[in-house]
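Values in this document were obtained by computation on a predicted structure and should not be read as measured data. Counting starts at 1 for both ligands and their atoms, in listed order. The figures here come from the full heavy-atom set of this structure, side chains too, leaving out hydrogens, waters and symmetry mates.
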Amino acid sequence: MKIAFFDAKTYDRPSFEKYGSDYGVKFKFFETRLNEDTVELARGYDGVCAFVNDTINAEVIDHLCDMGIKILALRCAGFNNVDIKHACGKLHIFRVPAYSPYAVAEHAIALLLTSIRRIHKAYIRSRDFNFSLSGLTGFDLHGKTVGVVGTGKIGRVFIDICRGFGMNVLAFDKYPAPDLDNGDTIRYTALDELFAKSDIISLHCPLTDETHHMIDEAAIEKCKKGVVIINTSRGALVDAQALLEGIKSRKVGAACLDVYEEESDLFFEDNSGHILEDDILARLISMPNVIVTSHQAFLTEEALENIAETTVKNIVEFTESGHCQNELCYNK
Ligand code: NAI
């Protein structure tokens, strides 16, 4: 079985080669992203493996089908980059629903601590033998209220860590988990109350039509002055222009972003020798109270192993049985 693997990075290869050889799946690694211009590279392969910033729109889906390709294995959890309606009934698409909620939740906490304890500033200063503490005052997490939007796998791990710090949790989820709310330190609430009462807000829900720009000008207006916003989920949950205005007006105290709405043209690549065309991102990065990482929350050894293992098993399960438990929609 031969699979065309798009948007390949050096860190993908060892685990995919290992599990591929264990299960008889051979990967051809293409560095280019999957899109309308590159889809032809998949000709002659039995399937395609894609990641978060590959474009799996109607044109790409139809082209894959025309080449006789029937399976597309996403090596990620989110699938907002897939035209699901168009794909169903044509292409079998699998995903990796969970690989390490700890990786993402711990990265969200790493961003939060870095930001509020000014570690990013202190690191640069001490490398320059500047041992001044001026401007490095942070605040305790203990006793603060954190608003968690989305209490699925990652949100729950994030809540556990926050409770370890002695924080109170206000949670919002479209489908609340009955066992989570203890009526005291962890409480489900309406989104507006979460916005109004949280010192820190962390997003852990999927990107859908409903959640698109969940953090916009109106939401920021409802927040406490100095609120810290963490987004390790999907960029378009936050209206970046509104966030920038919130930071400029001092309403937003800090932002920790592992994802960005327009990341697909930039993230995962070295753009250090280029002029950044995106003025909003450039301005955000220039802010002393904004930390941006390039969609790296998933990037731990454990997560990479789990991603490769589940992706390969998805392909093998479908090939052997015609079904896959992690399929996004079933062909009729
Ligand atoms: P999950 O499916 O376990 O949890 C998502 C939760 O969001 C569920 O409880 C669901 O009920 C809730 N939800 C759905 N619609 C909602 C809405 N309209 N409002 C509020 N809550 C809503 O997913 P998991 O594994 O916790 O992942 C969460 C998100 O994290 C993914 O959708 C993905 O976008 C992002 N992610 C980011 C990574 C990174 O490297 N930065 C890596 C992996 C996931």
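In summary, the atoms of ligand 1 found under 4.0 Å from a heavy atom of A297, numbered by their order in the structure, are 39 (C), 40 (O), 41 (N). Ligand 1 places these atoms under 4.0 Å from at least one heavy atom of D173: 6 (C), 7 (O), 8 (C), 9 (O), 10 (C), 11 (O), 12 (C), 13 (N), 20 (C), 21 (N). Close approach of ligand 1 to Y99 (heavy-atom distance below 4.0 Å) involves ligand atoms 42 (C), 43 (C). For ligand 1 and F172, the ligand atoms under 4.0 Å from any heavy atom of the residue are 19 (N), 20 (C). Within ligand 1, counting atoms from 1 as listed, the ones closer than 4.0 Å to a heavy atom of T151 are 9 (O). Listed by number with element, the atoms of ligand 1 under 4.0 angstrom from any heavy atom of V104 are 38 (C), 42 (C), 43 (C).
Side-chain atoms of Y260 and N231 include no donor-acceptor pair closer than 3.5 Å.
Between F27 and F16, the two ring planes are perpendicular [angle over 60°; tilted spans 30° to 60°].
The residues R33 and D7 are annotated as salt-bridged, a charged nitrogen and a carboxylate oxygen being separated by less than 4.0 angstrom. Taking 4.0 Å as the cut-off between side-chain N and carboxylate O, R156 and D179 count as a salt-bridged pair. Between K90 and D62, at least one side-chain nitrogen of the basic residue sits less than 4.0 Å from a carboxylate oxygen of the acidic one, meeting the salt-bridge criterion.
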| said: Under the criterion ring-ring contact (aromatic ring centres under 6.0 Å, His included), I'd like the reasoning laid out for F195 against F172: C-alpha separation, chi angles, the key distance, then a yes or no. | reply: CA-CA 10 Å; F195 287 147; F172 174 77; 8.5 Å; no
| task | Report the C-alpha separation of F5 and F30 in whole Å, then their side-chain angles, then the decisive distance to 0.1 Å, and conclude whether the ring-ring contact (aromatic ring centres under 6.0 Å, His included) test is met. | result | CA-CA 6 Å; F5 188 110; F30 293 108; 9.5 Å; no
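Contact annotation: A98 has no heavy atom less than 4.0 Å from any atom of ligand 1. Under a 4.0 Å heavy-atom criterion, P206 is in contact with ligand 1. In this structure, D258 has a heavy atom closer than 4.0 Å to ligand 1.
Atom 16 (C) of ligand 1 has its nearest heavy-atom neighbour, among H107, K174, Q296, in K174. When T232, I154, T300 are ranked by how near their heavy atoms come to atom 38 (C) of ligand 1, first place goes to T232. Nearest to atom 4 (O) of ligand 1 by heavy atom, out of G152, A177, A303, is G152.
Residues F6 and F29 place their aromatic rings such that the two centres sit no closer than 6.0 Å.
Of the protein's heavy atoms, R234 NH1, 3.7 Å lies nearest to atom 36 (N) of ligand 1.
With a 6.0 Å radius and a threshold of 12 heavy atoms from other residues, nucleotides or ligands, Y123 has its OH atom at or below the threshold.
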